[in-house]
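Notes follow once the structure below has been shown.
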Amino acid sequence: MRPAPTILHLDMDAFYASAEQAAKPSLRGKAVVVGGLGPRGVVATASYEARRLGVHSAMPTAQARRLAPNAAYLVPRFSLYRTVSDQVMELLGRLSPLVEPLSLDEAFVDLEAGGTADDSASARATGEGLRAAIRAVTGLSGSVGLAGSKMLAKIASEEAKPDGLLLIEPGTERELLAPMSVRILPGVGPATGDHLRRAGMTTVHDLAEAGEAELVRLVGKAHGHGLHRMALGLDDRPVVAERDAKSVSVEDTFDVDLHDRVRVRAEVERLAVRCVERLRAADRSGRTVVLKVRRYDFSTLTRSETLRGPTDDPTVVREAAARLLESVDTTGGVRLLGVGVTGLADYTQEDLFAQAADARELAQRDREHHAPAAEEPVPEPEADNDDQLAARRWPAGHDVHHEEHGHGWVQGSGIGRVTVRFEEPWSAPGRVLTFRIDDPLLRPADPLPLVRESPDYSSWPASLPKSRSSGAAASGGGESSP
């Protein structure tokens, strides 16, 4: 625990949904749900307007539609979210060399290591300056928690939501935590929370009073020891700048089970290419290719193949994934496919071309060995209907450009038509027009920036206070700033 609240936790508010509202003037102030839209889709993020109707992340989209039938349901635009995340992380990097990203929209920052804060007053000024900079650069809001430990900083940012700042003064931790639910502590999920409730412990105060021995008896030695320390507000974990990823993977869940073997193979190859794109974006390579298949009965199989050396070659990964598929029985139907790469490294083999050639040779031998007899017809891939084609080409919420009407986004598609609302992040709500899905004047487009002219923050945060203030102790520990 630190004597000053110099660990900052930033959590962007309803990140995906807020980004969509900022990009689409007609959706501001309205319920927005971002996630999978098919029968098996899951909510990724819901706007605060949708949350008030009972919608939350990880909820099946079908259930969300029953709770909020008039909400806007959009397919995620990860290219936009990554761009905004990069802008936010760049601002955080100006505060300290120790930035620990947890996801696209969440990170810890060690302000002391960056010399941007050493007491409550400078920490609060830095947090408020960060919130203002994020809004100016991205147009979005983020909530900030400041405390002497990572656990408390994260709890503080959660309590400050939405669009707030909460600073926990060192020495006030136990008083603040005492009335909170045990579920506020890291690692206490529904099962552990229910187990503790049956033992008569529902608040953090109950855990602290129970003592370490009782908690060890209830939940085991390792968990019980850690739980008791957290209940006392103790957390010595440092902010770690590099969190080394162990794998890169992508997967898709299909609205209707896939039965056709040709279609399944095509989907696996498509996923392999997407996986390599992520791998290259992270400037990494990998040695082991992993295939994941969830079948019609929910049984999940994984197969892996370790290559001669690390690679980021799409041909190598694609053909390895296709070979792995040959060992999996998919005749009953496939509901989910995934391709991943593990054994990550910062370099690739010099003889990638030889490796790719070896992979192609193995694949060719395999095809020759399993080639159908002349009289056996090769199955045709399952054909998509017009609605499926429209949903693939024109996902709801994604950007389009029309040669006559300009930039817009897809409101929906079906029956051979696509409906588009033409507006930009800085315009008034736009008009809605409908086109054929094969209209030659309409094409997919890249997302527009959320802020038309981003201010110059090249000198930020030089103006923030960095020295200890004599009035720091009176700055109001635990106060929330709207």
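This one's a predicted model, so the numbers in the text were calculated from it and none came from an experiment.
A distance of 9.0 Å separates OG in Ser157 from CG in Leu166, rounded to the nearest 0.5 Å. Here Lys292 contributes atom NZ and Thr300 contributes atom OG1; the two are 6.0 Å apart, rounded to the nearest 0.5 Å. The line from OG1 of Thr192 to CG of Leu227 is 8.0 Å long, rounded to the nearest 0.5 Å. Here the CG-CZ distance, from Asp313 to Arg280, works out to 6.5 Å after rounding to the nearest 0.5 Å. Distance check, rounded to the nearest 0.5 Å: CZ of Arg77 to NE2 of His398 gives 7.0 Å. Distance CZ/Arg295 to CG/Leu258: 14.5 Å, rounded to 0.5 Å.
Pairs passing the ring-ring contact (aromatic ring centres under 6.0 Å, His included) check and including a residue from residues 162-213, sequence neighbours excluded, do not occur.
Qualifying side-chain contact (heavy atoms from CB on, under 4.5 Å) partners for Ser85, counting only residues two or more places apart in sequence or in other chains: Met89, Leu104.
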Query - Evaluation steps, side-chain hydrogen bond (donor to acceptor under 3.5 Å, both in side chains), between Asp329 and Thr331 - result: CA-CA 6 Å; Asp329 179 12; Thr331 53; 2.8 Å; yes
**Report entry** salt bridge (charged side-chain N to carboxylate O under 4.0 Å, His left out) between Glu326 and Arg323, worked out
**Finding:** CA-CA 5 Å; Glu326 296 304 318; Arg323 288 194 299 275; over 6 Å; no
Requested in this report: Decide side-chain hydrogen bond (donor to acceptor under 3.5 Å, both in side chains) for His9 and Glu106; before the verdict, give the C-alpha distance in whole Å, the side-chain angles of both, and the deciding distance to 0.1 Å.
Outcome: CA-CA 7 Å; His9 181 259; Glu106 185 181 3; 2.8 Å; yes
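Within 6.0 Å of CD in Glu175 there are 12 or fewer heavy atoms belonging to other residues, nucleotides or ligands. Atom CG of Asp446 is surrounded by 12 or fewer heavy atoms from other residues, nucleotides or ligands within 6.0 Å.
Side-chain contact check for Phe108 versus Ile7: some heavy-atom pair is nearer than 4.5 Å. In this structure, Val339 and Ser249 have side chains that are not in contact, with every pair of non-hydrogen atoms separated by 4.5 Å or more. The shortest distance between side-chain heavy atoms of Trp426 and Leu448 falls below 4.5 Å. A heavy-atom distance below 4.5 Å is found between the side chains of Leu27 and Trp409. Residues Val290 and Arg303 fail the side-chain proximity criterion, which asks for heavy atoms closer than 4.5 Å. In this structure the side chain of Leu140 reaches within 4.5 angstrom of the side chain of Val84, judged on heavy atoms. A 4.5 Å side-chain heavy-atom check between Tyr81 and Val34 finds at least one atom pair inside the cut-off. The shortest distance between side-chain heavy atoms of Asp206 and Val182 does not fall below 4.5 Å.
Taking the ring centre of Tyr73 as origin, the terminal cationic atom of Arg65 falls inside the region bounded by 6.0 Å and 45° from the ring axis.
Checked options Arg174, Arg229, Met151, Glu173; the residue passing with Leu234 is Arg229 (criterion: side chain to side chain contact (heavy atoms under 4.5 Å, CB included)). Tested against Asp252 for a salt bridge (charged side-chain N to carboxylate O under 4.0 Å, His left out), the candidates Arg335, Arg40, Arg270 yield a single pass: Arg270.
For the residue pair Thr83 / Asp86, no side-chain donor-acceptor distance below 3.5 Å is found, with atom types taken as modelled. Between Ser26 and Arg421, the side chains place a donor N or O and an acceptor N or O closer than 3.5 Å (distance only, hydrogens not considered). No side-chain donor from either of Thr288 and Ser304 sits under 3.5 Å from a side-chain acceptor of the other. Side-chain atoms of Tyr16 and Gln21 include no donor-acceptor pair closer than 3.5 Å. Side-chain atoms of Ser141 and Asp13 form a donor-acceptor pair, as typed in the model, at a separation below 3.5 Å. A donor atom on one side chain and an acceptor atom on the other are found under 3.5 Å apart for Asp297 and Ser299.
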